[in-house]
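A, B, ... follow the sequence lines: proteins, then strands. Residue 1 opens every chain.
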Amino acid sequence: MIYAIASLVIGALVGYFCNITIPVEYSKLFSVALLAGFDAVFGALKAIFLKTFDNLNFLTGFFSNTLLAALLVYLGDNLSIDLYYVALFVFGLRIFKNLSYLRHCLIKK
Amino acid sequence: MLSLKHTRLSIVLACFILGFMIAVQFHSTQNSLKYLTQYQRTEELSQRLLQTERERDALKEQIKNGTAVQTTNLTDSAIVEAGISAVEGPGIIVTVADSSKKTMGDDNVNLYVVHDEDMLRIINELRAAGAEAISINGQRVVATTEIRCAGPTVSVNNERSAPPFEIKAIGDPKALENSLKMRGGVIETLGVWGIKIDVSTKEQLTIPAYNHANDFKYAKSVEKGEEK
């Protein structure tokens, strides 16, 4: 857990001082990818609590989810289907669900 | 397969990437706020407003100085003549309105509406009767003032106005009134067509200043004594 938080902070610092800015036209894709990343991490937390955590599953899920989310939104943009909102909805819902599950688990302990 | 080391490594990696993405996203959101078109637009507009206000103040100051210099050099009658300041005094107010009569048969409709020529006649008559300052619908009549037909409106000092016209004239109220009302005068001839002209004498009325720039490009004044 400590490793996870430490690496999160380090990553944030590196990202902040890299001074990278996402162009406005890609910010949508990036935010969806970020949300997918969040979802994967919270899903992993839940899996750890459930003791069903699988390393390979987590890693592939993390990368494929972020990339797929961005790709789908990009496709949707080009087909003028607002998949952006769908992705937001789905990932947001899952994040909240996982969070509430984690809370349950913590209270039960 | 599920070694602890690998798990830890993958979590660290994922968290690192996540943190990186959060920071980048945060950074670009902060930056893009500045460049959002809306913000840019407001920024631009407020900048322009500020600049224009500054310009306005500078011009106001200039006008203040300019008129101060001019008026000190000019005699009172010249100020009235040039329309630099508003003037007040006794006079008359003439309102001229289109005819409400129905046109008859093949009569020309143009005869029933107020024309620039009618206005010119009235102005001319007033001047002949000794009017010292005249305005038409708030536009001071000075030496360069035109009175001309502009479609359905009449243009005075390049400002268009539509009937009814309100002509204010400062002078001897009695003489001014009589000049218009005399037999065979303006009111009688225009009255034939139903054009309504009301004359009311006033003890005190104000005529605004000429509110356009006096910018002479071609005419240059010659000092006295230089004349050939």
*Asks:* Check each atom of A:Ala6 against the heavy atoms of chain B and say whether the ones under 4.5 Å are side chain, backbone, both or neither.
*Replies:*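 When you check distances to chain B, no heavy atom of A:Ala6 falls under 4.5 Å.
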*Asks:* State whether the number of non-hydrogen atoms from other residues, nucleotides or ligands found under 6.0 Å of B:Arg54 atom CZ is greater than 12.
*Replies:*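 It does not: B:Arg54 CZ has 12 such atoms or fewer within range.
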*Asks:* Is it true that atom CD of B:Gln204 has more than 12 heavy atoms of other residues, nucleotides or ligands lying nearer than 6.0 Å?
*Replies:*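 Counting neighbours around CD of B:Gln204, more than 12 heavy atoms of other residues, nucleotides or ligands fall under 6.0 Å, so yes.
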*Asks:* Counting heavy-atom pairs under 4.5 Å to chain B, which of A:Ser27, A:Ser31, A:Gly37 comes out on top?
*Replies:*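 When all of A:Ser27, A:Ser31, A:Gly37 are compared, A:Ser31 has the most.
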*Asks:* At a 4.5 Å cut-off on heavy atoms, which part of A:Val14 comes close to chain B: side chain, backbone, both, or neither?
*Replies:*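 Answer is both: backbone and side chain atoms of A:Val14 are under 4.5 Å from chain B.
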*Asks:* Where is the tightest heavy-atom contact between B:Met21 and A:Phe30, given as atom of each residue plus distance?
*Replies:*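 Minimum heavy-atom contact is O-CE2, 3.4 Å.
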*Asks:* In terms of heavy-atom contacts, does CZ of A:Phe63 have more than 12 from other residues, nucleotides or ligands at under 6.0 Å?
*Replies:*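 Atom CZ in A:Phe63 is crowded, with more than 12 foreign heavy atoms closer than 6.0 Å.
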*Asks:* Rounded to the nearest 0.5 Å, how far apart are CZ of A:Phe62 and CG of B:Leu18?
*Replies:*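 Separation between the atoms: 5.0 Å.
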*Asks:* Measuring from B:Ile11:CD1 to A:Phe53:CZ, what's the distance to the nearest 0.5 Å?
*Replies:*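 Atom-to-atom, B:Ile11:CD1 and A:Phe53:CZ are 4.5 Å apart.
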*Asks:* For each of A:Ile5, A:Thr66, A:Leu59, A:Ile48, tally heavy-atom pairs with chain B at distances under 4.5 Å, and name the one with the top tally.
*Replies:*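 Looking at each option in turn, the highest pair count goes to A:Leu59.
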*Asks:* Does atom OH of A:Tyr16 have more than 12 heavy-atom neighbours, drawn from other residues, nucleotides or ligands, at distances under 6.0 Å?
*Replies:*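 Counting other residues, nucleotides and ligands, OH of A:Tyr16 stays at 12 neighbours or fewer.
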*Asks:* Kindly compute the distance separating CG (A:Leu8) from CZ (B:Phe16), expressed to the nearest 0.5 Å.
*Replies:*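 A:Leu8 CG to B:Phe16 CZ: 10.5 Å, rounded to 0.5 Å.
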*Asks:* Which heavy atom in B:Cys15 sits nearest to a heavy atom in A:Ser7, and how many Å separate them?
*Replies:*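 Distance-wise, the nearest heavy atoms are CB-OG, 3.2 Å.
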*Asks:* Near B:Glu146 CD, under 6.0 Å, is it more than 12 heavy atoms from other residues, nucleotides or ligands?
*Replies:*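 Yes - once you tally the heavy atoms of other residues, nucleotides and ligands closer than 6.0 Å, there are more than 12.
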*Asks:* Please find the pair of heavy atoms, one from A:Phe58 and one from B:Ala14, that lie closest to each other, and give the distance.
*Replies:*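 Closest pair (atom of A:Phe58, atom of B:Ala14, distance): CZ-CB, 3.4 Å.
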*Asks:* To the nearest 0.5 Å, what is the distance between SG (A:Cys18) and NE2 (B:His27)?
*Replies:*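 Result: 9.5 Å between the selected atoms.
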